Amino acid sequence: MEAKTLNEIHKQGIEALVKVLGPVDAVRFLQMYDQGSGDYTKERKEWLEKDPDKYLAAVIAHGKKKTRA
């Protein structure tokens with residue numbers, strides 16, 4: 001038995017998820033495990049130090065858009 005590449009394993013895993021869950025739920029499942037990137041705490045501190053009022057206004061506006069949708 002040959003060892004599979006990580007790309008092959010990833011492709012087969014996605015195919016299995018889509019087969020069992022369907023495409024929409026497969027994507028939703030994968031989104032649960034997205035770790036993202038970067039250092040949120042460090043980046044947030046930098047955003048707030050630059051212009052906290054502008055940052056908070058953008059967050060509030062984004063929240064209002066979500067509640068309307």
Side-chain angles (χ1 to χ4, degrees):
M1 183 168 155
E2 280 188 47
K4 296 177 186 175
T5 66
L6 291 178
N7 191 42
E8 291 170 326
I9 294 168
H10 184 262
K11 184 179 175 187
Q12 288 180 344
I14 297 294
E15 289 171 354
L17 284 172
V18 171
K19 182 178 178 181
V20 173
L21 299 175
V24 174
D25 286 340
V27 170
R28 291 176 67 207
F29 175 81
L30 291 170
Q31 287 175 335
M32 292 179 359
Y33 296 96
D34 181 17
Q35 295 180 1
S37 63
D39 183 342
Y40 173 79
T41 303
K42 179 182 173 188
E43 291 171 7
R44 182 180 178 276
K45 183 177 178 184
E46 290 171 4
W47 300 328
L48 290 174
E49 286 176 355
K50 288 180 184 173
D51 192 348
D53 293 334
K54 183 177 177 182
Y55 174 75
L56 292 174
V59 169
I60 291 168
H62 180 72
K64 287 180 180 178
K65 284 181 186 177
K66 279 189 165 186
T67 58
R68 289 185 204 145

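Everything quoted here is computed from the prediction, not taken from an experiment.
For E46, the side-chain hydrogen bond (donor to acceptor under 3.5 Å, both in side chains) test picks out no residue, with sequence neighbours left out.
The side-chain hydrogen bond (donor to acceptor under 3.5 Å, both in side chains) pairs that include a residue from residues 13-26 are D25-R28, where partners are two or more places apart or lie in different chains.
Here L17 is tied into one hydrophobic group with I14, V18, V20, L21, F29, L30, M32, Y33, each link being a pair of ILVMFWY side chains closer than 4.5 Å.
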